[in-house]
Every structure is written in C-alpha cells, then in structure tokens.
Amino acid sequence: MSDSADQKRPRILVTGGAGFIGSHTVVDLVENGYEPILVDDFSNSDRGVIEGLAAICGRALPCYEIGCRDKAGLEGVFEAAGPIQGVIHFAASKAVGESKEKPLLYWGNNIASLITLLEVMEDFGVQDLVFSSSCTVYGQPNALPVTEATPIAEPASVYGATKQIGEMILRDCVASGANHRVTLLRYFNPIGAHPSALIGELPLGDPQNLAPIILQSAAGMRGPIQIYGDDWATPDGTCIRDYIHVLDLAAAHVKSLDWMASQGDDSLLEIFNVGTGRGTSVVEAIDAFERATGESVEREIGPRREGDIEQIYASCEKVERVLGWKAERTIDDAMRDAWAWQGRLRNR
C-alpha cells in the first residue's frame with residue numbers, strides 16, 4: 001500500500017503495541033483499514049515483535065519507544081503521528097504476584113499512565129478509548145456465568161485493584177462531561193498466537209499462567225506441570241477458566257472502535273465481557289494441548305495456590321448483541337497456534 005493510502009487510514013494509537021495482546025490487535029487493525037501507531041517502552045515486551053509485525057503486515061509500522069507516564073513524549077507522538085482518531089490502551093504491568101511485591105510500580109504504571117494518557121487525549125481532542133480491563137474485577141463470583149452486571153469484588157491483588165480504579169477513573173471522566181467515548185473490555189484468559197508463528201506470548205521470567213507453563217513443560221524448559229489442587233468443587237476437581245484465542249480477543253478491540261464511531265458525538269461508556277462463554281478446567285486445557293499437538297506433558301498434583309479463584313467464565317450475550325462480536329476459535333486452535341510459536345522460539 002502506498003504512503004498516500006496509509007495517510008488516509010484512521011490512525012489509532014496502541015499503547016503497549018508490542019505486547020502479547022497489543023501486537024495481535026495491531027494486525028487486526030491493519031487488516032480492517034486502520035493505521036496503528038505503536039507506543040511501547042519495551043519493559044515487558046521484545047523488540048523482535050516489531051519485525052514480526054512488519055512481516056505479517058507487509059510493511060514497517062510506526063513505533064515510538066516511550067512510556068505512557070512520559071507526558072511530553074506522548075504529546076510528541078500525538079503531534080508527529082496525528083491526527084489520532086482513537087486510542088487502545090494496553091500498556092500496564094500485569095503479573096498478579098509481582099503486583100503484591102511491587103505495589104508502587106503497579107500504581108505508577110497502571111494508574112499514573114492512564115491519567116497522563118487521558119490528559120493528552122483531552123489536549124488533542126481525541127475522543128475514543130478502548131481500555132484493557134480484566135475479569136479479575138469480579139473475584140470469585142457467586143453465580144456463573146458472570147455478566148457485566150455481576151458485582152465487583154474486593155480486589156485480591158494490587159493488579160486487580162488497578163483495573164478497578166482504572167475503570168472508576170474512566171467512569172468519572174465520562175460522568176464529568178468530558179468528551180470521551182470509552183469501551184471497557186473485561187478480558188478472560190487469552191492464549192494462542194498468530195498462525196504465522198511470527199508473534200505470540202513471550203512471558204518474561206517465570207510464567208504464572210497455565211498456557212505458557214504447558215508450552216514450556218512440553219518444550220523441556222521446565223519440569224512437570226504443577227496442578228494447584230484437584231479438590232476444588234468442579235467436575236474434575238481442578239480450577240475452571242474461560243480461555244479465549246488472542247486473535248478473537250484482538251478482534252473485539254477493532255469491533256469496539258467501529259461501534260463507538262457509529263454512536264454519534266455524545267460521550268458514552270460501555271462494558272463488555274470478552275470470553276468464549278465456556279469454562280475449561282486445568283485438566284481439560286492440558287488435554288486440549290495434547291490433542292491439538294500430539295505432544296505429551298507430565299502432570300503433578302500439588303496443594304492449592306493462595307489467591308486462586310475456583311471457577312469463572314463469561315456470559316458473552318452483551319458483546320455479541322451490541323458489537324456483533326463472537327469468539328470463533330477453539331481452545332485446540334489456540335494450543336496448536338501457541339505450540340507453533342513456541343517451536344519458533346526454540347529455533348531462534
């Protein structure tokens with residue numbers, strides 16, 4: 001595509017654009033006629049992702065190496081890359097355990113950065129924002145599946161608290177009369193990778209989430225998978241989550257932008273759960289990996305892990321009805337794509 005054609009595509013600022021979900025959303029933006037402008041400080045992502053994105057998209061994409069707490073830097077991006085039509089805000093620290101150990105880091109990265117971004121958006125008259133929230137705001141729900149009306153729980157971690165406070169800040173901004181159209185996407189459990197195996201999840205340090213643990217165990221990078229308890233009140237005794245392919249999750253962000261643009265100029269704030277609507281246990285997820293890849297992994301039963309939620313999965317009725325979005329891929333698809341990505345990492 002020519003430079004002149006690129007100039008006509010609506011420009012969307014993607015903070016944390018080199019991260020796991022951010023990078024896959026960048027691809028979906030390009031495929032749907034948008035021009036993503038990436039911002040990432042690479043504190044929790046790999047610069048090689050930018051090369052993978054260029055290979056998938058067929059061209060280099062603009063990327064600015066700054067943090068979202070750098071107001072002058074953000075202003076420079078809005079000036080140089082503008083006009084910006086909307087923002088998708090991923091940039092945040094996201095490890096539950098680390099958040100308990102480094103609370104100031106999480107409050108700074110997750111809350112101060114959001115406030116700075118909102119200030120710059122208001123200065124430049126940018127109205128539309130898609131905010132990366134989390135199903136952690138529900139805690140352990142009393143009824144399943146959870147809907148957007150499910151009560152918010154006492155946060156179990158600093159990370160969860162930052163997502164709740166982030167949502168509160170955005171509600172207050174819209175209620176104040178500020179000219180914002182905001183979509184809050186409460187993610188469930190993203191897994192998978194791009195089918196090209198050029199981008200995928202690259203956890204730094206010891207992963208805490210199940211999918212990368214399965215991949216690393218199968219790749220011989222760690223020992224047997226530790227299953228934290230088999231005595232939960234679930235059909236097979238292991239915890240249940242709602243695992244969504246990262247490509248499906250990425251598409252929900254683009255659908256949100258399209259929907260907000262169709263709603264007129266008035267301020268608004270809407271919340272959507274983004275999952276599959278199906279709960280999958282730890283054992284079922286491991287079985288799906290083995291079924292999808294033909295690989296076998298060892299498993300060990302250990303004690304319950306402090307802070308784990310027994311089971312949670314989404315009602316997706318609202319996001320399907322309002323945005324016209326629905327998860328299309330299976331957990332087997334996600335495990336197959338993630339394993340191809342893991343294979344590429346081993347050969348780097």
Side-chain angles (χ1 to χ4, degrees), residues 1 3 5-6 9 11-65 88 90-91 94 132 187 189-205 207 209-221 243-255 257 274 288-289 292-295 327-348:
M1 183 173 288
D3 290 343
D6 291 345
R9 297 158 67 109
R11 296 185 182 95
I12 304 299
L13 186 77
V14 184
T15 72
F20 175 41
I21 306 171
S23 60
H24 290 82
T25 301
V26 163
V27 173
D28 204 84
L29 286 165
V30 170
E31 291 175 347
N32 284 277
Y34 289 95
E35 177 67 9
I37 310 296
L38 283 67
V39 167
D40 204 301
D41 65 1
F42 295 97
S43 62
N44 196 35
S45 54
D46 188 283
R47 287 175 175 80
V49 170
I50 303 303
E51 297 176 6
L53 287 172
I56 294 169
C57 298
R59 59 189 174 87
L61 300 173
C63 180
Y64 296 84
E65 188 173 344
I88 304 178
F90 294 106
K94 61 180 183 179
S132 168
Y187 306 163
N189 295 76
I191 60 174
H194 193 272
S196 67
L198 291 170
I199 57 174
E201 186 171 13
L202 188 62
L204 302 182
N209 297 327
L210 179 61
I213 290 173
I214 293 174
L215 297 174
Q216 290 187 5
S217 180
M221 298 170 61
Y243 295 100
I244 179 173
H245 197 300
V246 67
L247 292 184
D248 285 330
L249 178 55
H253 295 78
V254 181
K255 288 281 192 182
L257 289 172
V274 188
F289 171 81
T293 65
E295 302 289 332
E328 298 177 349
R329 298 164 181 85
T330 68
I331 189 170
D332 290 50
D333 296 331
M335 290 297 187
R336 187 179 303 109
D337 291 340
W339 184 237
W341 163 248
Q342 184 68 43
R344 181 173 177 271
L345 288 179
R346 283 185 293 173
N347 294 325
R348 286 200 337 186

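Computed over heavy atoms, backbone and side chain alike; hydrogens, waters and symmetry mates excluded.
Taking OG of Ser23 as the reference point, atom CZ of Phe90 lies at 9.0 Å (rounded to 0.5 Å).
Of the residues Ile37, Leu53, Ile88, the one that meets the side-chain contact (heavy atoms from CB on, under 4.5 Å) test with Val26 is Leu53.
Thr15 is not listed as a side-chain neighbour of Asp40, based on a closest heavy-atom distance of 4.5 Å or more. Annotation: side chain of Val14 is not in contact with side chain of Thr25 (no heavy-atom distance under 4.5 Å). Between Leu345 and Leu202, the closest side-chain pair of non-hydrogen atoms falls below 4.5 Å. Under the 4.5 Å side-chain criterion, counting only non-hydrogen atoms from C-beta, Tyr34 is not in contact with Arg9. A 4.5 Å side-chain heavy-atom check between Asn44 and Lys94 finds at least one atom pair inside the cut-off. Here the side chains of Leu61 and Arg59 are in contact, with some heavy-atom distance below 4.5 Å. Two residues are said to be in side-chain contact when any heavy atoms from C-beta on lie closer than 4.5 Å; Pro36 and Ile12 fail this criterion. Between Phe42 and Ile50, the closest side-chain pair of non-hydrogen atoms falls below 4.5 Å.
Scanning all heavy atoms of the two residues, the minimum distance from Ala54 to Ala60 falls at CB-CA, 4.1 Å. Nearest heavy-atom pair, Ala18 versus Leu38, reported as atom, atom and distance to 0.1 Å: N-CD2, 4.4 Å. Of all heavy-atom pairs spanning Ala91 and Gly16, the tightest one is CB-N, 3.7 Å. For Ala193 against Val246, the heavy-atom pair with the smallest separation is N-CG1, 3.9 Å. Residue Leu29 comes nearest to Leu257 through the heavy atom pair CD2-CD1, 3.7 Å, listed as atom of the first residue, atom of the second, then distance. In plain terms, the two heavy atoms of Val274 and Ala252 that are nearest each other are CG1-CB, 3.9 Å.
Proximity of a side-chain donor or acceptor of Asp333 to a complementary backbone N or O of Arg329 within less than 3.5 Å is not detected. Remark: side-chain polar atoms of Ser217 are not paired, donor with acceptor, to backbone N or O of Ile214 under 3.5 angstrom. Here the side chain of Trp341 pairs a donor or acceptor atom with the backbone of Glu201 at under 3.5 angstrom. Between the side chain of Arg336 and the main chain of Pro195, no donor-acceptor pair closer than 3.5 Å is present.
The 12-atom threshold is exceeded at CD of Glu65, counting heavy atoms of other residues, nucleotides or ligands nearer than 6.0 Å.
Ring-plane geometry between Phe289 and Trp339 is classed as perpendicular, the angle between the planes exceeding 60 degrees on a 0 to 90 degree scale with a lower cut at 30. Ring pair Tyr187/His253 is perpendicular by interplanar angle, where above 60° counts as perpendicular and below 30° as parallel.
Judged by distance alone, the side chains of Ser43 and Asp41 do bring a donor and an acceptor atom under 3.5 Å apart. Asp337 and His245 share a side-chain donor-acceptor pair at under 3.5 Å.
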request  = Just do the side-chain contact (heavy atoms from CB on, under 4.5 Å) check on Ile199 and Ile56 with the steps written out, would you?
outcome  = CA-CA 9 Å; Ile199 57 174; Ile56 294 169; 3.9 Å; yes

